[in-house]
Undergrad: 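Structure incoming, see below.
As the structure is a prediction and not an experimental result, all values here were calculated from the model. Chain naming here is simple, since letters A, B, ... match the order of the sequence lines and numbering starts at 1 in each.
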There are 2 protein chains.
Amino acid sequence: MARRSDHAPDELKRLASDAGRAIASEEGLRGLTVRRVAERIGYAPGTLYNLFANLDDLIVQINGSTLDALGVVLAEAAKADPEDRPRKLVEAYFDFVESRPRLWSMLFEHRLPEGEDLPDWYRPKLAALLALVAEALGPLMQDQTFEARQAIIVTMWAGLHGISTLAVSSKLTLVAETDPRQLGHLLVQRMLGR
Amino acid sequence: MARRSDHAPDELKRLASDAGRAIASEEGLRGLTVRRVAERIGYAPGTLYNLFANLDDLIVQINGSTLDALGVVLAEAAKADPEDRPRKLVEAYFDFVESRPRLWSMLFEHRLPEGEDLPDWYRPKLAALLALVAEALGPLMQDQTFEARQAIIVTMWAGLHGISTLAVSSKLTLVAETDPRQLGHLLVQRMLGR
DNA sequence: CGCTTTTATTGAACGATGTTCAATTGAATA
DNA sequence: TATTCAATTGAACATCGTTCAATAAAAGCG
């Protein structure tokens, strides 16, 4: 069989990454296989290699769209009054992680093979997220130099990521039950010097 | 063939996890396969299943020993004068990550299958590391309640983890080149309120 | 409309993976 | 020496990512 054209090429690519995202959000990275995506959209495994370079490529695409979704959520939170933004942003971040734990995990669980780099469009997407947060919190860091602000934002960002990662893999609960959100708020407060 | 007894059972188990660690530190989680570990120690693949429940078990064992090694390094740094400990601990942490990037990555890159939990001995090992840091930095947090100290330490811990993770997977370098160590120091300073 | 060209799609094939388990064989025991 | 025991094997199974010659359907053309 050939040239079925049940779907336009772009449409088919979307269909495939949607199917991949569905599988990943249900079963995580471990359950995401080429054959299962193909089966889900009713095509042969080989077809996916016309749409994506390989499975890693498909995963990176899905991760990219996860970053986009996170951006939407954070942008919404950034509309709050400047003094409220730290709390709102942290809440939005953890809401996002909790609503899509497996997709969010895949963002960091997946590693490209040694020597391969993320595609060119990925890093700007990440930088845009950071810029969004930096702009939202700018009014609260007016006494800081540009470099200092940059460092604060990146540290906050990485810190929230660390808290969420350990929470999701349940490597955070030790003796006492520690709420990830509270740690997030604590982190942001201290990083903003309040 | 059977009962070769070239090695005592415990000895063989050590041999296998050493081989696994060697492979992982050279090629990361992706290169760590049952067959390659078996080949490296001169046994058949099936033999590994007498020593470990499965590949996940072997990985968790290696991760456990990585935590131990990190503990040794941090304990050494904690011997410094109380005021120097924040800097020394951060330096020790990043030294460790940079000296074993792939082993350290495996600590967080690896996820057990859905529903499976880390073994009972793993969580205490993690808690001991946190306790070490908490004790070392206790003198610098005397104005804090026990709960507050706990939260500060865990947040620092998760934050360092986040910074290192993003740095190792090169998702930290955005516009300007940001040194992970400096971010680590910044984080710890602010979390300790200095 | 028929013929040719193009190309999207297939699915068998390859090598590699984790895991199982009956068979084997060396050591320990009697 | 004969028997029991258990450590070790390696073939087998299902699955994986990936490739690619074959194919069939659409598009182009006379």
Undergrad: Take the angle between the ring planes of Trp104(A) and Tyr93(A) and call it parallel below 30°, perpendicular above 60°, tilted in between.
TA: perpendicular
Undergrad: Please work out if Thr33(B) contacts a base, only the sugar-phosphate, or nothing of the nucleic acid, heavy-atom cut-off 4.0 Å.
TA: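 Sugar-phosphate contact only - Thr33(B) comes under 4.0 Å of backbone atoms but never of a base.
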Undergrad: Charged N to carboxylate O below 4.0 Å: is that the case for Lys88(B) and Glu76(B)?
TA: no
Undergrad: Is the number of heavy atoms from other residues, nucleotides or ligands under 6.0 Å of Asp120(A) CG greater than 12?
TA: no
Undergrad: Can you tell me the distance, in whole Å, between the OH atom of Tyr49(A) and the C1' atom of dC20(D)?
TA: 13 Å
Undergrad: What is the distance from CD1 of Ile23(B) to C1' of dA16(C), rounded to the nearest Å?
TA: 15 Å
Undergrad: Rounded to whole angstrom units, what separation is found between the CG atom of Asn50(A) and the P atom of dT6(C)?
TA: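 Whole-Å distance recorded here is 18 Å.
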Undergrad: In whole angstroms, how far is the C1' atom of dC16(D) from the CG atom of Asp56(A)?
TA: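 Nearest whole value for this atom pair: 13 Å.
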Undergrad: Rounded to the nearest Å, what distance is computed from the CZ atom of residue Arg35(B) to the C1' atom of nucleotide dA11(D)?
TA: 11 Å
Undergrad: Salt bridge or not for Glu26(A) and Arg40(A), using N-O below 4.0 Å?
TA: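 Here Glu26(A) pairs with Arg40(A) in a salt bridge, since their nearest N and O are under 4.0 Å apart.
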Undergrad: Could you tell me how far apart Asp57(A) (CG) and dG17(D) (P) are, to the nearest whole angstrom?
TA: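 It works out to 14 Å between those atoms.
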Undergrad: Using atom CD1 of Ile41(A) as one end and atom C1' of dA8(C) as the other, report the distance to the nearest whole Å.
TA: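 One finds 13 Å between C1' of dA8(C) and CD1 of Ile41(A), rounded.
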Undergrad: Pick the closest DNA chain D nucleotide for Leu51(B) and for Gly46(A) by heavy atoms, then say which residue is nearer the 5' end.
TA: Leu51(B)
Undergrad: For atom CD of Glu39(B), decide whether the heavy atoms of other residues, nucleotides or ligands shown that lie under 6.0 angstrom number more than 12.
TA: no
Undergrad: What's the closest nucleotide to the side chain of Val34(A) if the choices are dT19(C), dT9(C), dT18(D)?
TA: dT18(D)
Undergrad: Could you check whether Leu58(A) gets within reach of a base, just the sugar-phosphate, or nothing at all, counting any heavy atom under 4.0 Å?
TA: nothing
Undergrad: Nearest-Å distance, CD (Glu39(A)) to P (dA14(D))?
TA: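 To the nearest whole Å, that distance equals 17 Å.
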Undergrad: Between Arg36(A) and Pro45(B), name the one whose nearest nucleotide on DNA chain D is closer to the 5' end.
TA: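 The answer here is Pro45(B).
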Undergrad: Counting the atoms with a prime plus P, OP1 and OP2 as sugar-phosphate, which does Leu48(B) contact under 4.0 Å by heavy atoms, base, sugar-phosphate, or nothing?
TA: nothing
Undergrad: For the side chain of Thr47(B), starting at C-beta, report the closest nucleotide among dT9(D), dT19(C), dG17(D).
TA: dT9(D)
